[in-house]
Amino acid sequence: MKFNNRNIYIGKNVKLGENVKLGDNVTIYDNVSIGKNSIVCNDCVVGEPMNDYYYDENYINPETIIGDGALIRSHTIIYCGSEFGEKMSTGHRVTIREKCIVGRNFSIGTISDMQGYTEVGNYCRFHSNVHIGQQSKIGNFVFIYPYVVLTNDPHPPSNICKGPTIGDFSQIAVLSVILPNVKLGKHVLIGAGSVVSKNVDDFMLVAGNPAKLIKDTREIISRETGKSHYPWPYNFSRGMPWEGQDFDIWSESNYKNE
Amino acid sequence: MKFNNRNIYIGKNVKLGENVKLGDNVTIYDNVSIGKNSIVCNDCVVGEPMNDYYYDENYINPETIIGDGALIRSHTIIYCGSEFGEKMSTGHRVTIREKCIVGRNFSIGTISDMQGYTEVGNYCRFHSNVHIGQQSKIGNFVFIYPYVVLTNDPHPPSNICKGPTIGDFSQIAVLSVILPNVKLGKHVLIGAGSVVSKNVDDFMLVAGNPAKLIKDTREIISRETGKSHYPWPYNFSRGMPWEGQDFDIWSESNYKNE
Amino acid sequence: MKFNNRNIYIGKNVKLGENVKLGDNVTIYDNVSIGKNSIVCNDCVVGEPMNDYYYDENYINPETIIGDGALIRSHTIIYCGSEFGEKMSTGHRVTIREKCIVGRNFSIGTISDMQGYTEVGNYCRFHSNVHIGQQSKIGNFVFIYPYVVLTNDPHPPSNICKGPTIGDFSQIAVLSVILPNVKLGKHVLIGAGSVVSKNVDDFMLVAGNPAKLIKDTREIISRETGKSHYPWPYNFSRGMPWEGQDFDIWSESNYKNE
């Protein structure tokens, strides 16, 4: 029922891999490449041009690359000039602005908004309605939960634009703000509703407004197992590359490659 | 001007009641039933299929039921497998995922996001941009204000998914988080910007981050009347079934039926 | 590639100025006027009717006025009965409800939601995902950052609807709530994650939950210049009418006119 080839518009120099399916009312702008076995659902836009498009007759759309096996749900808008690894997945109405470099197995939820000029590693999961300010740097296996905001201007409005840096495996719970230029280490946990103004060391849990050090995450007991829940990769593997394996064994031969 | 029957797509086994109006570009997937006198505005999707639809040729869409007299505003996406009582109303761009059981006179505002697998009673009002995590249980006459998030994972990421339980008549003010498995009693009031980590007794006001008991809501004086504002049904009835009646009289013969 | 004149619907008594471009699938309802050199991108709705439209055969759509040089990005919905000065700009999927009076050079970001019945001055910038409750009054040169919520009901639900008043040049950082009827002076700065329940004097920085007075903004040192950053117009002018001029000189002859 989807994929009726109704009202699809495809620009110049668009490369669609084998077995790519495009939903109704999809628009693909110039210089977009979509990898094989990808699905672009109804009403999506890929390669949305930047502002100059409207005012400059000589505008050339920067190249956009979507890796193999993408699932882009309806009404998502992906601007030009970004590159995504294989198996990206979006919710509905996602907006991703220009010049993002994103790794493989990226997932981003409904109405999330990436403002562009951001680096994201592999296997990151951003849930619904996150806001990633420009110039953020996000590692691998980072999960960001709904209504989290990453900011970049220390005293608005100014000409400074420095986003946060988030280390591998870190988790940012709902309705938290990471202030500009803050660095979170690896395996950090940010509690719900936190306002994080200072750097956070590896493995630490911070929470509150302003956020304070609560404890080492390795002291948090799982309500499932009664043992330490963190580092979480020992206790959670769904969709992760160590699924079905011991995390240590996987890590030894693979983590440096991430 | 609406309802021009342009570009409407209707799947198999769709039942449309008498006097149902469908806007332009509406898509109704298989096995959807829409009650009489309902309006589905432009660009809506009803019965959006689950993930397997894209990959499983034998996928069968679960049944979706919309009660009589619905008003579903433009760009709303309602997944398959949910059931809504009569007189539901949505804002624009609402997303409601699969397997929700929702009572009558439900209202949910623009860009709100229900993640599915949730129970909602009668006469609930969710304003713009609320986020209802999976496995939430919400009573009757519950009002949830913008940017409220109901969560379900106590130490993310884990395999636990237990949402909050919200008692009848409770009110959750803007930008609050209800943490997983938290139980709010009846007639509870959550102040704006709260992070609620503990159960809350009937009639209590809690607020802050972390939320603390502030007072009994019955001590809150109305700025309209100079008397107690709560329990609010004595002072607010617009659109409620006791509108034009004494709440006690209505309650005596009707509330047990809710 | 845009502006193919596909699937555009234009109601009665619509006035389009010289050189107005309309994207695909745009709907303009009755009694809308759009100023010259404006661009309305794909899938936008201008003059969206109020509720009575669906139920009252004699419904007449209130007049909507968009000033010259507007850039309205895709999927934006602007209700009827509002008036916008020249050079308005919206992100994607913005919703602006009825009866707003908005000055010139207004900018509002992706998925923001103005609930209507609001006054906004000149040169205001609302970033992505702000929520402006009804009956808010916002001055000139006010910048509001993502996930800020302006509220209007002091003890919900009630029949009171009194939004905040925000003075000229004030800045409200991300994920803050301004409570009903609160008055912010001029040149106020609200820190990220604040819950503001009391009036704030000119030039003050407040922050926290509940928000407390932190300091005079004029004591905040710029990380760019090493001098006071506030009042910010001395240090930031991009897109402002004093760009390329001394703010004092501009202000002397122009500010009273704002």
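Bear in mind that the values here come from a model prediction, so they are computed numbers and not experimental data. Convention: sequence-line order gives letters A, B, ...; per-chain numbering from 1.
- The distance from the OH atom of Y53(A) to the CD1 atom of I39(C) is 10.0 Å, given to the nearest 0.5 Å.
- Every residue two or more places apart in sequence or in another chain that forms a ring-ring contact (aromatic ring centres under 6.0 Å, His included) with Y79(A) is listed here: H92(C).
- Contacts of H127(C) with chain A are absent, with no heavy-atom separation under 4.5 Å from either backbone or side chain.
- Scanning for side chain to side chain contact (heavy atoms under 4.5 Å, CB included) contacts around N7(A) gives N25(A), R6(C), N25(C), with sequence neighbours left out.
- With rounding to the nearest 0.5 angstrom, the CD atom of E48(A) is 7.0 Å from the SG atom of C41(C).
- Defined by atom type and a distance below 3.5 Å, a donor-acceptor pair is present between the side-chain atoms of Y147(C) and N129(A).
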Could you go step by step and tell me if Y145(C) and D153(A) meet the side-chain hydrogen bond (donor to acceptor under 3.5 Å, both in side chains) rule?
CA-CA 11 Å; Y145(C) 297 89; D153(A) 185 350; 5.1 Å; no
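- Proximity of S74(C) to I77(A): side-chain heavy atoms (C-beta onward) are separated by under 4.5 Å at one or more points.
- Contact annotation for S237(C): neither backbone nor side-chain heavy atoms come within less than 4.5 Å of a heavy atom of chain A.
- To the nearest 0.5 Å, atom NE2 of residue H155(A) and atom CG of residue L189(C) are 10.5 Å apart.
- Both the backbone and the side chain of N209(C) come within contact range of chain A, each with at least one heavy atom under 4.5 Å from a heavy atom of that chain.
- Heavy atoms of E224(C) lying under 4.5 Å from chain A belong to its backbone as well as its side chain.
- With a 4.5 angstrom heavy-atom cutoff, S194(A) does not touch chain C via any of its atoms.
- Under a cut-off of 6.0 angstrom, the local environment of CZ in R223(C) is sparse, with at most 12 non-hydrogen atoms contributed by other residues, nucleotides or ligands.
- Shortest non-hydrogen contact noted between F236(C) and P157(A) is CB-O, 3.7 Å.
- Rounded to the nearest 0.5 angstrom, H131(A) NE2 and I111(C) CD1 are separated by 9.0 Å.
- Your options are A173(C), S222(C), A207(C), G208(C), and the one with the most heavy-atom pairs under 4.5 Å with chain A is S222(C).
- Of all non-hydrogen atoms in A192(C) and V177(A), the two that sit nearest each other are CB-CG1, 4.3 Å.
- Proximity to chain C (any heavy atom under 4.5 Å) is restricted, for T151(A), to the side chain, taken from C-beta onward.
- Side chain to side chain, D113(A) and S128(C) meet the donor-acceptor criterion of an N or O pair below 3.5 Å.
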Using side-chain hydrogen bond (donor to acceptor under 3.5 Å, both in side chains), reason through R93(C) and T95(A) one step at a time and then give a plain yes or no.
CA-CA 10 Å; R93(C) 315 176 222 285; T95(A) 309; 2.9 Å; yes
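- Residues Y230(C) and P156(A) share a closest heavy-atom pair of OH-O, 2.8 Å.
- Neither the backbone nor the side chain of R125(C) has a heavy atom closer than 4.5 Å to any heavy atom of chain A.
- Counting non-hydrogen atoms of other residues, nucleotides and ligands closer than 6.0 Å to NZ of K183(A) gives a total above 12.
- Between N51(A) and L71(C), the closest side-chain pair of non-hydrogen atoms falls below 4.5 Å.
- Contacts of L175(A) with chain C are made by both backbone and side-chain atoms, with heavy-atom separations under 4.5 Å.
- Only the backbone of I221(C) comes within contact range of chain A, judged by heavy atoms closer than 4.5 Å.
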